[in-house]
There are 2 protein chains.
Amino acid sequence: MALEHAILVSLRERAASGSELTRRFDRSFGFFWAATHQQIYRTLGRMESDGWVTSAVVPQQGKPDTKVYDVSELGAKTLAEWLVTPGAHQTPRSDLGVKLRGAAYADDREAILDLVRHEIAEHEGRLAIYLAACAHDYPDPAALTDADLDRYLVLRGGIRLETGQIEWLNEYLTAWDSRRAASPEETPKEPS
Amino acid sequence: MALEHAILVSLRERAASGSELTRRFDRSFGFFWAATHQQIYRTLGRMESDGWVTSAVVPQQGKPDTKVYDVSELGAKTLAEWLVTPGAHQTPRSDLGVKLRGAAYADDREAILDLVRHEIAEHEGRLAIYLAACAHDYPDPAALTDADLDRYLVLRGGIRLETGQIEWLNEYLTAWDSRRAASPEETPKEPS
DNA sequence: CGACGCATGTAACCTGTTACATGATTGG
DNA sequence: CCAATCATGTAACAGGTTACATGCGTCG
């Protein structure tokens, strides 16, 4: 399980409360790991009883108290070991892969192509966000600190992922467009 | 949930028993969806009681009887609708992403680079398998039937995914190699 | 004070994983 | 007949999702 380790990484960057961690997972951490606040609270509780993190209640101005967590020595040691341990292969699970594999069993090929165009638009939206973040936060990659270089390279991975998906889906569209242009219409609209 | 729909797609390609489906998920279906036989049997049972599939016990030569499932009319209709319905965004979950993001908190940068090299080797292994399958099964993409074109394009997606990961991890290695070459050793071995 | 938002949870459910169990059939 | 294998399951558990609940603080 990696959620606990993802939390450890985030807490080592800066101590935080459960809701602050939730916001981080929604933001920068989020493009390669998702977690809801319920998962995070549940996991933080287990990590505290395991001695991986410590907590301190901190009163706040204008807001309810927060419980701020920080990594314990044991947690840091556990993380350092996990970081260099190869994990088992994670099979990607892609709804879209299933849909495109089975596209022949949809009634309407054009609807599949619309779906693909819709996916492309979503990937391009995320790509634009990542590119903007990359240009804004890391204008000079060669000058980064070690920890920032890591973050920059992970962001680069996200950019490559989105780019690769867009290229693939465009290949899909091109292949089907040329096929449909070459052969006569096979799913005619019903004549009025 | 897409496991049920993945099973529907596989059964529409050809009716099959639970164990045969399991083998298909291990093989061709497997590179974008994983499922163990327990998941498949459980799901088949639910799908049958929902009326998406029908089953027939078939005696076999030299082997125990098998229960062969096929898609019902309702199942085919359900699948056709699902295929053209856009799904919610699936956040990728990447252990490796977490590890590289937190690499600064490992004791040993060289161990991280070894981990990355190990990952590259695994991706290259899978890529070689996909490329071989692509060349062997689809020597002439322009001549494929519609259903085969879909399968070919999904395989192309798998190839692009592996290629993209390899490129990203090589970018990671390059960035860190040049950094380590430029600056003096910062994690010296303890003197004996 | 009452409505709202925030931080922190609890409960129920579903999916996925791992370990074990059963019957049927063949091969030695 | 005994071991090995195949096909089909059951049981127990961990992780992820969704809906709901509580207590605190501000703002109108």
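Per chain, numbering begins at 1; letters A, B, ... match sequence-line order. Below, each value reflects all heavy atoms present in this structure, side chains not excepted, and no hydrogens, waters or symmetry copies.
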Q. Any sub-3.5 Å donor-acceptor pair from S49(A)'s side-chain atoms to R46(A)'s backbone N or O?
A. yes

Q.
Does a side-chain N or O of Q39(A) approach OP1 or OP2 of dG15(D) to a distance below 4.0 Å, or not?
A. no

Q: State which residues pass salt bridge (Lys or Arg N to Asp or Glu O under 4.0 Å) with E20(B); sequence neighbours excluded, sorted by chain then number.
A: R23(B), R24(B)

Q | Rounded interatomic separation in angstrom, taking NE2 from H5(A) and C1' from dA14(D) | A | 15 Å

(Q) If I take atom OH in residue Y69(B) and atom P in nucleotide dA7(D), what distance separates them, rounded to the nearest angstrom? (A) 14 Å

**Q.** DNA chain D contacts made by residues 9-32 of chain B, counting heavy atoms under 4.0 Å
**A.** S17(B), G18(B), S19(B), R23(B)

Q.
Under 4.0 Å, heavy atom to any atom of DNA chain D: which of residues 93-100 of chain B qualify?
A. R93(B)

Q: Return the value, rounded to whole Å, for the distance between atom CD1 of I40(B) and atom C1' of dT15(C).
A: 14 Å

Q | Derivation of the side-chain contact (heavy atoms from CB on, under 4.5 Å) call for W52(A) and E4(A) | A | CA-CA 9 Å; W52(A) 291 15; E4(A) 313 169 9; 3.3 Å; yes

**Q.** Nearest-nucleotide comparison on DNA chain D, the residue closer to the 5′ end among V68(B) and A35(A)
**A.** V68(B)

(Q) My understanding is that only residues two or more places apart in sequence, or in another chain, count here; which of them pass salt bridge (Lys or Arg N to Asp or Glu O under 4.0 Å) with E171(B)? (A) R156(A), R160(A)

Q | ILVMFWY cluster membership beyond V57(B) - transitive side-chain contacts under 4.5 angstrom | A | none

Side-chain donor-acceptor contacts of residues 130-145 of chain B below 3.5 Å, not counting sequence neighbours, with atom names and distances?
from: D140(B); atom 1: OD1; to: A142(B); atom 2: N; distance (Å): 3.4
from: T145(B); atom 1: OG1; to: D148(B); atom 2: N; distance (Å): 3.2
from: T145(B); atom 1: OG1; to: D148(B); atom 2: OD2; distance (Å): 3.3

Q. Picking from dG15(D), dG16(C), dG16(D), which would you name as closest to the side chain of E4(A)?
A. dG15(D)

Under 3.5 Å, N/O pairs linking protein and nucleotides 19-24 of chain D:
from: dA19(D); atom 1: N6; to: Q38(A); atom 2: NE2; distance (Å): 3.1

Q. Taking only residues at least two apart or on different chains, which pairs with a member in residues 100-125 of chain B satisfy ring-ring contact (aromatic ring centres under 6.0 Å, His included)?
A. none

Q) Tell me, which pairs form a side chain to side chain donor-acceptor pair (under 3.5 Å) where one or both residues lie in residues 69-87 of chain A, sequence neighbours left out? A) none

Q) Which residues pass the salt bridge (Lys or Arg N to Asp or Glu O under 4.0 Å) test with D114(A), sequence neighbours left out? A) R117(A)

(Q) Please report the interatomic distance CZ(R126(B)) to CD1(I159(B)), rounded to the nearest 0.5 Å. (A) 13.5 Å

(Q) Quick one, F32(A) with L96(B), criterion side-chain contact (heavy atoms from CB on, under 4.5 Å). Give me CA distance, side-chain angles, the key distance, then yes/no. (A) CA-CA 9 Å; F32(A) 58 93; L96(B) 188 63; over 6 Å; no

Q. Who pairs with E13(B) by salt bridge (Lys or Arg N to Asp or Glu O under 4.0 Å), at least two apart in sequence or on another chain?
A. R101(A), R151(B)

Q) Looking at DNA chain D, which of residues 42-52 of chain A put a heavy atom within less than 4.0 Å of it? A) R42(A), R46(A)

Q) L115(A) versus V84(B): any side-chain heavy-atom pair under 4.5 Å? A) no

Q. Do the side-chain N or O atoms of Y41(B) get closer than 4.0 angstrom to the phosphate oxygens (OP1, OP2) of dG9(D)?
A. no

Q: Check the distance between dT17(D)'s P and L3(A)'s CG and give it to me in whole angstrom.
A: 10 Å

